[in-house]
Amino acid sequence: MAHLLWDMIESAGLSRTLTDVAVAVAEDARDCKRKKVVAGRAQLLAAIGKKTAVLLVGNVALEGVTAKRGIKQKRGRPWEDADGNIYIPCLPPGMIAYDERTTPLIEADVRLIADVAKSGKIPRENALEFTIVDSRRKFDDMVADLRGTVSYDIETGYEESPGLWKATLNPWKGHVDEDGEWVLDARIISIGFGTRARQWCLPLHHPEATSFGLTHEQMFASIDRQLRDCYLVAHNAKFDSLWLRIHYGVDWRADFDTMLAHWMIDENQRHGLKLLAQLYYGAPNYDADLDDKAGAGPLGSHCLYLAHDVYYTRALRFTLGKEMAADSGVERAFHSILMPIARLFVDVEYQGVLVDVERFEEAEVYLRTKLKKAEKDLHKAVAADVEGYEPGSINWRSTKQLAELFFDKLGLDVLDRTGGGAPSTCESVLKRLAHPAAVDLVEYRGADQMLKMFIDGWRPFLVKHADGWRLHPSFKLHGTVTGRASCERPNLQQVPRDSLIRSLIGAALGWSLVEIDLSQIEMRLAAELSGDQMLLGLFQRDEDVHWMTAIREIGRGGGMRDEVVTTAVEFVKRHPGTPWLKGLVSGLDKPKPKGQPFYRASIEYAQALEIVYKMGPDVAAEILPVWKELRKKAKAINFGYLFGMWWKKMVIYARDNYGVRLTDRQAQESRKVFFGLYPGLASWHERQRKHAQRHGYVRSLSGAIRRLPAATSHRDSPERGEALRQAINSPVQRFACELNFMVLLQLVEEFGLDVVRPVGTVHDAVLMEVRDDMVPTVVARADEIMRRPKMLDELKINLRVPIKGEAKVGPWSKGVSLDRWKKSRSN
DNA sequence: CAACACGGCGCG
DNA sequence: AAAGCGCGCCGTGTTG
């Protein structure tokens with residue numbers, strides 16, 4: 001590693017200026033045991049002596065001097081000791097071998113070394129012109145300077161105990177006071193603005209902040225007025241805008257988010273501001289300690305840090321703007337979809353979702369009881385088979401201990417292994433283990449999972465408002481490589497589908513929760529993009545593609561004879577007048593034979609299957625519930641094969657999810673049938689793969705790009721295979737969620753936040769609170785918008801496949817159609 | 001004590 | 001040769 005770095009230094013033409021540099025290198029961090037580090041440290045300290053610069057290459061070298069690790073955080077930030085030695089922590093160049101994304105960082109390290117060697121000093125950002133606003137005069141100057149393109153950034157924290165400031169990213173952090181009111185503990189420590197000429201740092205709750213005759217409210221009123229005509233730029237603007245909205249009531253919407261812009265430019269990279277500053281401008285690693293940002297450190301260094309942030313944020317707006325302009329598709333998707341939805345998500349997160357806390361407590365009691373019972377059953381079941389077993393000796397949450405129990409002590413067969421090769425104890429294995437304890441463990445895990453994720457997991461995030469308790473999940477618009485949003489703290493997108501937890505989420509009094517979702521959107525888009533005639537035809541005739549697959553799957557093997565015939569017969573009995581039955585059931589118009597149902601004999605399997613298909617899954621499920629399950633299974637088949645699943649995995653999938661035993665042959669056959677049914681999909685797969693292989697990327701209809709560099713490799717590898725499958729999946733997944741965003745944007749644009757309050761998205765669905773008196777209007781309009789969002793016209797995107805969606809009104813998972821909602825309200 | 005990987009599981 | 005995609009969060013266990 002030392003040689004590698006030295007080569008880089010030499011090729012930068014620096015070796016002669018660096019004769020006075022000691023290089024402290026850990027040859028291999030992993031082999032370096034503690035003793036060796038200590039020895040190395042003594043050597044190192046001796047070597048440092050009169051040197052002007054010390055390179056600390058890698059974690060062990062860093063630890064040798066500072067007794068602390070964390071090279072990734074510390075790198076690029078040199079410091080000077082009392083004797084004037086300069087220490088420069090850097091990444092080991094060998095790191096490039098297993099993470100090529102570190103290349104620019106290592107290059108930046110070399111540049112930094114060069115700088116230090118030439119000047120003998122730690123470089124300063126000399127373009128910086130920052131002012132700490134600590135007087136009325138400076139404040140007025142600042143306000144007057146807020147013109148044109150202005151970047152902004154805040155530092156946040158809270159006072160844990162008097163005088164002790166800690167970092168927090170949660171703008172709602174607070175507590176309930178004696179009067180039962182929610183009091184915010186979170187504070188905006190300071191705010192910075194970057195203009196063409198300067199960087200302004202306005203301390204707000206920093207301990208050293210001085211008062212100069214203006215309240216914060218007065219300051220923000222002035223700033224707010226001035227900013228209305230500015231082009232606002234921020235890095236992860238949603239964060240700053242949300243905090244400012246909560247704490248100062250100002251509504252600032254960024255025109256350009258540098259983090260999101262960089263994500264559009266390369267979703268595979270990381271998007272941190274410090275990283276980008278180093279990447280694009282060779283900036284020093286100016287990152288500060290987390291608690292300094294929160295106000296624990298001196299105001300001077302706090303503001304210096306803030307100044308760097310707004311300086312580089314503003315600079316990035318121009319650099320990234322230009323870079324994005326090189327690709328009109330990317331630019332268009334950024335400005336017409338991403339920035340608008342990013343601005344809207346400030347409202348989404350500000351609103352939060354309402355939680356029924358009374359029923360929340362009930363759910364907790366229910367789950368704790370269930371957990372207790374499962375634990376008791378577990379004890380019993382294990383005690384019966386294990387000699388000398390003592391309750392409490394096994395941690396039921398430990399996969400390691402469970403594996404020992406099942407496969408060593410009880411001697412059960414290892415049915416599957418984990419990715420790491422350990423005997424698996426996952427649900428699908430447990431269900432196949434012939435032991436009562438396995439059954440109990442499934443129960444235990446179920447209750448435990450709900451409790452830890454949604455009861456204990458939610459509690460710290462509950463915030464009290466005038467209209468009830470709310471969660472304010474944070475959405476990451478850059479959270480995926482495909483364009484979907486992800487969600488965290490807590491993750492609203494992983495709430496179980498069954499109603500125990502899901503229905504705790506509702507709406508305020510006078511409002512109703514409305515969920516609209518785009519039906520089978522990924523399948524529809526696959527039809528669109530592939531141009532498969534069968535799929536397109538299905539959707540154009542408004543038939544159900546999963547149902548089609550389900551019926552085909554059964555029909556192929558002639559399975560479920562009883563269910564098929566029973567369901568068809570029952571349907572004929574219930575709906576004899578159905579027009580399309582004519583011709584399908586021979587003898588319908590003939591007189592009924594005495595004593596027996598006339599149709600029983602005359603409905604053949606093939607006919608019956610046709611009838612079942614035509615009645616659709618909902619009607620069929622009313623007759624036999626099994627149809628619902630069957631359609632779900634078909635859905636999995638569709639998605640699996642659609643995106644490149646191989647038959648072998650299908651066998652496992654069918655077994656684990658549906659208890660269906662498929663032979664290898666059957667699975668191979670089912671895959672063949674699938675692509676036989678939709679031949680256009682196969683050729684589309686080929687097109688996508690070819691494109692990715694040739695160009696190294698694929699594109700969504702919106703213009704956004706998914707970069708797949710691994711796809712261009714000529715060598716066949718697992719990475720390339722993965723990239724080629726992503727080439728098929730990404731454009732579908734991306735455009736699906738973009739459509740969802742379009743629908744959401746248009747709804748809010750048309751009705752305004754007084755009528756429609758969006759509270760979240762779940763990939764192809766929107767959750768919102770709708771004012772009760774407007775529910776029918778909004779739902780009707782949502783139905784129209786989903787069929788054709790106007791942004792499709794603006795972006796000149798034409799779809800052959802019809803899009804449609806569904807709306808449900810009422811607590812989540814208990815929502816009903818608009819008609820049923822109206823009826824239930826009129827009673 | 002903190003950071004990390006893993007196993008497991010929830011969602012679309 | 002090997003083959004669905006995309007996420008977040010929890011507890012355990014290891015490591016340093």
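Quick note on labels: first sequence line is chain A, next is B, and so on, each numbered from 1.
S717(A) comes within 4.0 angstrom of nothing in the nucleic acid, heavy atoms only. At a threshold of 4.0 angstrom between heavy atoms, the contacts of C737(A) with the nucleic acid are absent. When heavy atoms are screened at a 4.0 angstrom cut-off, K648(A) is found touching no nucleic acid atom at all. Within the nucleic acid shown, P496(A) comes within 4.0 Å of sugar-phosphate atoms alone, with no base atom in reach, counting heavy atoms only. Note on R734(A): nothing from the nucleic acid sits closer than 4.0 angstrom, heavy atoms only. Counting non-hydrogen atoms under 4.0 angstrom, Q401(A) reaches the backbone sugars and phosphates but no base. At a threshold of 4.0 angstrom between heavy atoms, the contacts of V732(A) with the nucleic acid are absent. Looking at heavy-atom distances under 4.0 Å, Q733(A) makes contact with a base. When heavy atoms are screened at a 4.0 angstrom cut-off, D456(A) is found touching no nucleic acid atom at all. Contacts of G721(A) with the nucleic acid, taken as non-hydrogen atoms under 4.0 Å apart, are absent. Among the atoms of the strands shown, only primed sugar atoms or phosphate atoms (P, OP1, OP2) are found under 4.0 Å from some heavy atom of T425(A).
Note: CZ (R484(A)) to C1' (dC5(C)) measures 8 Å, nearest angstrom. As rounded to whole Å, 16 Å separates atom P of dC11(B) from atom CD of E522(A). Spacing between atom CZ of R445(A) and atom P of dC9(C) amounts to 21 Å, rounded to whole angstrom units. Atom C1' of nucleotide dG11(C) and atom CG of L402(A) are separated by 12 Å, given to the nearest angstrom. In this structure, the CZ atom of F454(A) is 10 Å from the C1' atom of dC10(C), given to the nearest Å.
Side-chain atoms of T480(A) come within 3.5 Å of backbone N or O of R484(A) as a donor-acceptor pair. Of the possible donor and acceptor atoms, none in the side chain of E806(A) sits under 3.5 Å from a partner among the backbone N and O of I516(A).
Atom NZ of K452(A) sits in a crowded spot, with more than 12 heavy atoms from other residues, nucleotides or ligands closer than 6.0 Å.
Side-chain proximity of D764(A) to dG12(B), dG8(C), dC11(B): nearest is dG12(B).
No donor-acceptor contact under 3.5 Å links the side chain of Q493(A) to the base of dC7(C). Counting atom types as modelled, Q494(A) pairs a side-chain N or O with a base atom of dG8(C) as donor and acceptor under 3.5 Å.
Base pairing annotation: dG4(C) forms no Watson-Crick or G-U wobble pair, as no partner gives both donor-acceptor distances under 3.5 Å.
Taking the ring centroids of H685(A) and F643(A), they lie at or beyond the 6.0 Å cut-off.
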*asked:* Applying side chain to side chain contact (heavy atoms under 4.5 Å, CB included) to Q693(A) and T712(A), what does each step give before you reach the verdict?
replied: CA-CA 4 Å; Q693(A) 242 159 344; T712(A) 61; over 6 Å; no
